Amino acid sequence: MDPVRELMGHTFSPHSALYTMMRDQYANYVVQKMIEVADAPQRKLLVHKIRPHIPALRKYTYGKHILAKLEKYLIKNELVPMPGGPANGSI
């Protein structure tokens with residue numbers, strides 16, 4: 001199993017490792033790096049797992065960093081914007 005899929009697990013609850021990492025002041029950097037280095041299928045799955053939690057991530061300083069990284073990736077690759085609007089007004 002690849003490390004990205006293993007970390008994300010099969011479910012995405014508030015108690016999952018990925019969700020906990022997205023909210024952590026240090027571990028959010030790992031999530032940001034995962035977004036950068038993941039191959040296309042992994043990144044698609046990662047975005048799919050993060051997308052439902054965009055409103056919650058906006059409330060955390062560290063979550064905003066992840067949303068900014070996603071925004072940068074989406075703009076760079078000219079993908080469809082995430083629903084719910086941007087973290088800083090541009091997603």
Side-chain angles (χ1 to χ4, degrees):
M1 177 178 262
D2 71 67
V4 173
R5 289 182 191 273
E6 188 172 331
L7 177 65
M8 288 190 286
H10 299 289
T11 61
F12 197 74
S13 71
H15 304 291
S16 72
L18 182 61
Y19 186 73
T20 301
M21 290 174 68
M22 288 190 300
R23 295 176 45 209
D24 184 80
Q25 65 178 335
Y26 301 110
N28 80 84
Y29 291 108
V30 176
V31 178
Q32 291 176 54
K33 194 66 171 175
M34 288 170 51
I35 294 167
E36 287 180 25
V37 302
D39 60 26
Q42 290 172 328
R43 190 176 296 111
K44 184 177 179 178
L45 180 59
L46 193 55
V47 170
H48 175 74
K49 295 286 188 171
I50 293 171
R51 192 172 282 193
H53 301 281
I54 290 172
L57 290 174
R58 285 191 185 119
K59 296 176 184 176
Y60 300 99
T61 300
Y62 314 117
K64 291 176 186 177
H65 295 300
I66 292 168
L67 295 177
K69 186 66 70 169
L70 282 176
E71 176 182 3
K72 181 179 176 182
Y73 166 76
L74 293 173
I75 289 171
K76 177 181 172 184
N77 293 291
E78 299 179 15
L79 298 176
V80 177
M82 291 187 291
N88 62 5
S90 59
I91 289 184

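Keep in mind that this is a model prediction, so the values were computed, not measured.
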**Q** Search all heavy atoms of Lys49 against all heavy atoms of Pro52 and return the closest pair with its distance.
**A** O-CD, 3.5 Å

**Q** What distance do Ile50 atom CD1 and Arg43 atom CZ have between them, rounded to the nearest 0.5 Å?
**A** 11.0 Å

**Q** I would like to know whether Leu46 and Leu18 meet side chain to side chain contact (heavy atoms under 4.5 Å, CB included); could you show each step before the answer?
**A** CA-CA 9 Å; Leu46 193 55; Leu18 182 61; 3.9 Å; yes

**Q** Output the distance between atom CG (Asn28) and atom NZ (Lys69), rounded to the nearest 0.5 Å.
**A** 10.0 Å

**Q** In this structure, would Ile54 and Val47 fall into the same cluster of hydrophobic residues linked by side-chain contacts under 4.5 Å?
**A** yes

**Q** Taking only residues two or more places apart in sequence or in another chain, which ones pass side chain to side chain contact (heavy atoms under 4.5 Å, CB included) with Lys33?
**A** Glu36, Val37

**Q** Could you state the interatomic distance from CG (Leu67) to CG (Leu57), rounded to the nearest 0.5 Å?
**A** 5.0 Å

**Q** If the plane angle is over 60° it's perpendicular, under 30° parallel, otherwise tilted; pick one for His53 and Tyr19.
**A** tilted

**Q** Quick check: is Met21 connected to Ile35 through a chain of hydrophobic side chains (ILVMFWY, heavy atoms under 4.5 Å apart)?
**A** yes

**Q** In this structure, which one of Gln25, His65, Arg23, Met22 forms a side-chain contact (heavy atoms from CB on, under 4.5 Å) with Tyr60?
**A** Arg23

